[in-house]
Amino acid sequence: MAIVNNGLLGTFFKKAGVVIGRRGKRRNVMTGLHKRSKAKPTEIQLEQQERFAELGRFLHRNADLVAAGFKSAAKGKEIIGTAFSYNYPRVFKEDYLDYTRLVYSRGPVSIPCGVQVTALADEGTGHMRKLRFTWAAQPQSPNCQYADRGTFLIYSPERNAGVSSVHVVNRRACACDVLVPRYLAGFTLHCYMNFDSADGGRTGDTVYAGALIL
């Protein structure tokens, strides 16, 4: 049953005969009823679906970082969709997703230089449970301030899980340790970071720090 919002000639949502009304991207949209195809998907379609799913898992799993990192780039559009549209043509090489090219943020704040990530032993157990991000010192400029705050992401595609640390150190620290949960041990961990301005009003591009297995 359709629900009319503003009188007989106004907008509506839900089903009205063979027409469907909905609200999307700040617009009122009317479409015909969708007819599900009975044809089996082709191999190319299946590969396309898997690509969509793999990229979607990363973006939705890290939705909070994406929301902050693509807010300005979205310019009022749906943020996850904007991040998907930006990443999709850039991250796939033939039939696999290149995790070194994924980004959860875009902006004018200067990227860190000389980024590296190394594993550290936990002092209590001796097991490798920490990752240390390091980066080079940089001179200050309008887009590069000592007070810029770092955000760090560690992600496992195999587990579709990870850990993030948001605004935990400033640019001048040149290092940050992130504790890795035990359930991620033994899996490939892809590591990323970026800087945001101290007031949180601007963000910077994501930088890939490296991959390793604890």
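Just so it is clear, the model here is predicted, and its values are computed rather than measured. Computed from heavy atoms alone, side chains included, the values below leave out hydrogens, waters and symmetry copies.
Applying the side-chain hydrogen bond (donor to acceptor under 3.5 Å, both in side chains) rule to S197 yields the partners D199; only residues at least two apart in sequence or on another chain are considered. Under the ring-ring contact (aromatic ring centres under 6.0 Å, His included) criterion, F133 pairs with F152, sequence neighbours left out. Not a single side-chain hydrogen bond (donor to acceptor under 3.5 Å, both in side chains) links Y192 to another residue, sequence neighbours left out.
Side-chain atoms of N194 and T203 form a donor-acceptor pair, as typed in the model, at a separation below 3.5 Å.
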Practice item. Determine, stepwise, if the pair D148 / V109 fulfils side-chain contact (heavy atoms from CB on, under 4.5 Å). Key: CA-CA 8 Å; D148 292 339; V109 176; 3.7 Å; yes

Practice item. Please step through ring pair (Phe, Tyr, Trp, His ring centres under 6.0 Å) for the pair Y99 and H190, ending with a clear verdict. Key: CA-CA 7 Å; Y99 281 88; H190 294 278; 4.8 Å; yes

Exercise for review: Please step through ring pair (Phe, Tyr, Trp, His ring centres under 6.0 Å) for the pair Y88 and F92, ending with a clear verdict.
Suggested key: CA-CA 7 Å; Y88 188 82; F92 286 101; 5.2 Å; yes

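Counting non-hydrogen atoms of other residues, nucleotides and ligands closer than 6.0 Å to CD of Q116 gives a total of 12 or fewer. In this structure, D64 places its CG atom where only 12 or fewer heavy-atom neighbours from other residues, nucleotides or ligands lie under 6.0 Å away.
Going from atom CG of L55 over to atom CG of L102 covers 6.5 Å, rounded to the nearest 0.5 Å.
The backbone N or O of R90 sits less than 3.5 Å from a side-chain atom of R101, completing a donor-acceptor pair. Under the 3.5 Å distance criterion, the side-chain polar atoms of R159 are left unmatched by any main-chain donor or acceptor of L184.
With respect to K130 and D177, no salt bridge is recorded, no charged nitrogen being found less than 4.0 Å from a carboxylate O.
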